[in-house]
Amino acid sequence: VAAGTATPTSTVLGAEGGDHLGGSMAAGNLNGSGSGDLAVSADEVGPGNPKRNLAGAAYLVFGPVGATVDLLTGANYTVWGAAIGDSIGRLAVADVAGDSLDDLILAAQFADGPSDLRVDAGEAYVINGSAALSGTKDLLVSPANLTVYTEDAFDELSSVDAGDVNADGKKDLIFGADDADGQTEGKVDAGELYVIYGSSALSGARDVCQGVGCAGGSRCRSRSLITQWTPPRRSAASSVAASSAIVCELRWPGYRPII
């Protein structure tokens, strides 16, 4: 808002009713133009055809931002959540790849982890900044540059941030799972934070869970998911059949719980 007035210099409008735009927002230089770009999320967007209700979405509006931008047609780049109820709702912007372009960091609080076996564990994504960012990226068919899985069902990865935690001059990824139960599962809903050091090598998928059934490490145990449980905010069609999830202590070098 300009000094001395009550009129915003720019207004960004959600694409459709019920999208709930504005739960999280950030600014940075993601496309290398030198102008500040705006990133904003809407956690109840239902993208796709048929619609994936509550999958959520994130939008980039490249700077300079105009007086009024309607995201129905005015976003420069859109990221769609992969599945019903994933709820992309928290985001951050920072250069974690070390290439002088800011990257888009997203949290999908209720995403279900690898092979959808960890109900509401939550997932985080990094999409690298680039001059080629445009159009729509659907995470259902086009994975992020980096995907991070939290370790257990119902952990709910609910926050993301970035900062130079290890003082090496690079921004590091920071994730929070506010319903995680601690390294030995003995502190119900105590919450956990994780750090992944920034690097140009960040790519593919990384899993906090390491141990038996998790490819490496130790001190893991199995837990059965609830038969035909329907998560909140989801339709009965998305119920998860009984299966096995893995619960374990953090055993991955480069990941550090923040105490």
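Computed from a predicted model, the values in this text were never measured in an experiment. Residues: numbered from 1 along the sequence shown.
For D102 (side chain) and D95 (main-chain N/O), a donor-acceptor pair under 3.5 Å exists by modelled atom type. Side chain of T150 to main chain of G122: a donor-acceptor pair is present (N/O by atom type, distance under 3.5 Å, no hydrogens or angles). Distance alone, capped at 3.5 Å, is enough to place a donor-acceptor pair between the D172 side chain and the G198 backbone. Within the 3.5 Å criterion, the main-chain N or O of A132 finds a donor-acceptor partner in the side chain of S130. Under a 3.5 Å cut-off, the side chain of S199 and the backbone N or O of A201 do form a donor-acceptor pair.
Once rounded to the nearest 0.5 Å, the distance linking CG of D178 with CG of L193 reads 9.5 Å. The OG atom of S200 sits 5.5 Å away from the NZ atom of K170 when rounded to the nearest 0.5 Å. E16 CD to L13 CG: the interatomic distance, rounded to the nearest 0.5 Å, is 13.0 Å. The CG atom of N76 lies 9.0 Å from the OG atom of S134; values are rounded to the nearest 0.5 Å. One finds the CG atom of L157 at 9.0 Å from the CD atom of E123 (value rounded to the nearest 0.5 Å). To the nearest 0.5 Å, atoms CG (L21) and CG (D19) are separated by 7.5 Å.
Considering only heavy atoms from C-beta on, R52 comes within 4.5 Å of D138 through its side chain. L54 places a side-chain heavy atom less than 4.5 Å from the side chain of E44. Side-chain atoms of I88 and L91, non-hydrogen and from C-beta on, never get closer than 4.5 Å to each other. In this structure, L30 and D103 have side chains that are not in contact, with every pair of non-hydrogen atoms separated by 4.5 Å or more. At a threshold of 4.5 Å between non-hydrogen side-chain atoms, the residues L139 and D86 do not count as touching. Side-chain contact check for K137 versus Y77: some heavy-atom pair is nearer than 4.5 Å. In this structure, R206 and Y149 have side chains that are not in contact, with every pair of non-hydrogen atoms separated by 4.5 Å or more. Residues D181 and D189 have side chains in contact (heavy-atom distance under 4.5 Å, counting atoms from C-beta outward).
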I would like to know whether L104 and V126 meet side chain to side chain contact (heavy atoms under 4.5 Å, CB included); could you show each step before the answer? CA-CA 6 Å; L104 181 62; V126 176; over 6 Å; no

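The two residues R90 and S158 come nearest to each other via the heavy atoms CG-O, 3.1 Å. Listed here is the closest heavy atom pair of A92 and V160: N-CG2, 3.8 Å. Taking both residues in full, the closest heavy atoms of I127 and V79 are given as CD1-CG2, 3.5 Å, listed atom of the first, atom of the second, then distance. Counting all heavy atoms, side chain and backbone alike, A177 lies closest to Y194 at CB-CE1, 4.3 Å. The heavy-atom pair separating Y125 from A144 by the smallest distance is CB-CB, 3.7 Å. Across all their heavy atoms, E192 and G182 have their closest contact at OE2-N, 2.8 Å.
W80 and L140 sit in two unconnected hydrophobic clusters of ILVMFWY residues. Membership requires side-chain heavy atoms under 4.5 Å apart, directly or through other members. Note on L146: it does not cluster hydrophobically with L101, by side-chain heavy-atom contacts below 4.5 Å among ILVMFWY residues.
Side chains of N31 and S33: a donor-acceptor N/O pair is present below 3.5 angstrom, by distance only.
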Tell me which donor-acceptor pairs under 3.5 Å the side chains of residues 55-72 have, and how far apart each pair is, sequence neighbours excluded?
unit_1, atom_1, unit_2, atom_2, d
D70, OD1, L72, N, 3.0

